[in-house]
Amino acid sequence: RCRRPAARSSDLQSTEPRPMSAVWALCFGLLWALVVDVLFVQPRRRLHAARLGSNYQAGSFSFALRASFPLVLGVLITRAFVVDVVHVPTESMIPALQPGDRLWVDRLAYGLRWPLSGAALAGSTLPRRGEAVVFRYPREPSTAFVKRVIALPGDRIVIDGRRIELNGRPLVRPWPVQRGVVTQSVELDGTAFEVRVDFSKPAAPVALDLVVPAGHLFVMGDNHDHSEDSRHWGLVAEHHLLGRVEQ
């Protein structure tokens, strides 16, 4: 049994932090420039110097190109496989994460993964419940989201509005009947965090009862009434994981 509202386009346009792609573009640009310099520019310079009977010099541009490429390649490898930095533009993870926060993402937390496809290369593991993770948005993999892992493969998650049960136990205590913003402390697998609801908004019309299949995760934002997450667009496949948020 599963009924979800359609995700609003305005929410998807604001989305969550995006992985940095400028370093990739710079590295490939430098690589092509280096190939052109080695195969075409420098042979012409050598030929020109031989014709004039002068000493051959590679030139300052070639020197800068060869010196900068290993540095850029090192940054690319580090950000693709080890650690990355992302920016939070929305309020979906308040109070833990605020709009404007910059986050360190541990890309080795769940094993070594191929950065383009997310396929595991070595030491693949799943997150623990309660961990905040960065992953590729399933409907638009070029965009990254940050959410909290609520349920793992084999877990049963039942949601009816603001009532959430994980494996037959309430995730949060019953909310008081009042208006305004209310927070509540939650602990999952040793990770403590706070969730928040906003009674100035109606509860999302979500009703679902599912067992998380193998290779997938159920994630939610801590700011329940201001988050588009697995309640709205479904589960996160393991190969979409980018890493764990380090605070």
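All values derive from a computational prediction rather than experimental measurement.
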Is any side-chain heavy atom of [X] closer than 4.5 Å to a side-chain heavy atom of [Y]?
X	Y	value
Ile150	Val219	no
Pro153	Leu126	yes
Ser227	Lys147	yes
Val245	Val133	no
Val146	Val86	no
Arg231	Ile159	yes
Arg136	Leu241	no
Asp106	Asp84	no

Next item on the list: In plain terms, say whether Glu194 and Arg196 are close enough for a salt bridge, that is, a side-chain N and a carboxylate O under 4.0 Å apart.
Entry: no

Margin query: Between the side chains of Asp155 and Arg129, is the shortest nitrogen-to-carboxylate-oxygen separation below 4.0 Å, so that they form an ion pair?
Written below: yes

Notebook entry, point to check: Does the side-chain contact (heavy atoms from CB on, under 4.5 Å) test come out yes or no for Val88 and Gln98, once each step is laid out?
Noted result: CA-CA 7 Å; Val88 180; Gln98 302 293 325; over 6 Å; no

Do you know the tightest heavy-atom contact between [X] and [Y]?
X	Y	answer
Gly154	Asn167	O-OD1, 4.5 Å
Arg148	Met93	NH2-CE, 3.8 Å
Leu108	Leu112	CD2-CD1, 3.8 Å
Pro89	Pro99	O-CB, 4.0 Å
Arg45	Ala58	NE-O, 3.3 Å

Is the backbone of [Y] close enough, under 3.5 Å, to the side chain of [X] for a donor and an acceptor to pair up by distance?
X	Y	result
His239	Ala237	no
Asp209	Val158	no
Ser68	Leu65	yes

Separation between [atom1] of [X] and [atom2] of [Y], rounded to the nearest 0.5 Å:
X	Y	atom1	atom2	result
Trp233	Phe145	CH2	CZ	6.0 Å
His232	Leu208	NE2	CG	10.0 Å
Phe135	Leu242	CZ	CG	9.0 Å
Asp229	Leu235	CG	CG	11.0 Å
Gln184	Asp222	CD	CG	12.5 Å

Does [X] share a hydrophobic cluster with [Y], counting links as ILVMFWY side-chain heavy atoms below 4.5 Å and allowing steps through other members?
X	Y	result
Val85	Val83	yes
Ile94	Val197	no
Leu152	Val211	no
Val38	Leu47	no
Val181	Phe193	no

Note to self: Whether Arg162 engages the ring of Phe199 as a cation-pi pair (distance to the six-membered ring centre under 6.0 angstrom, angle to the ring normal within 45°) should be assessed.
What the structure shows: yes

Item checked: Worked verdict on His224 versus Ile164 for side-chain contact (heavy atoms from CB on, under 4.5 Å) -> CA-CA 11 Å; His224 285 186; Ile164 305 172; 3.7 Å; yes

Does the side chain of [X] pick up a donor-acceptor pair with the side chain of [Y] at under 3.5 Å?
X	Y	result
Glu228	Tyr137	no
Asn223	Ser92	no
Asp189	Thr191	no

Note to self: Walk me through whether Asp37 and Arg66 qualify under side-chain contact (heavy atoms from CB on, under 4.5 Å).
What the structure shows: CA-CA 10 Å; Asp37 182 64; Arg66 295 167 190 244; 3.5 Å; yes

Note to self: With a sphere of 6.0 Å drawn around CZ of Arg156, does it hold more than 12 non-hydrogen atoms of other residues, nucleotides or ligands?
What the structure shows: no

Next item on the list: Verify the neighbour count for atom OH of Tyr56: are there more than 12 heavy atoms of other residues, nucleotides or ligands below 6.0 Å?
Entry: yes

Check: Is there a side-chain contact (heavy atoms from CB on, under 4.5 Å) between Val172 and Val195 once you walk through the steps?
Finding: CA-CA 9 Å; Val172 295; Val195 298; 3.7 Å; yes

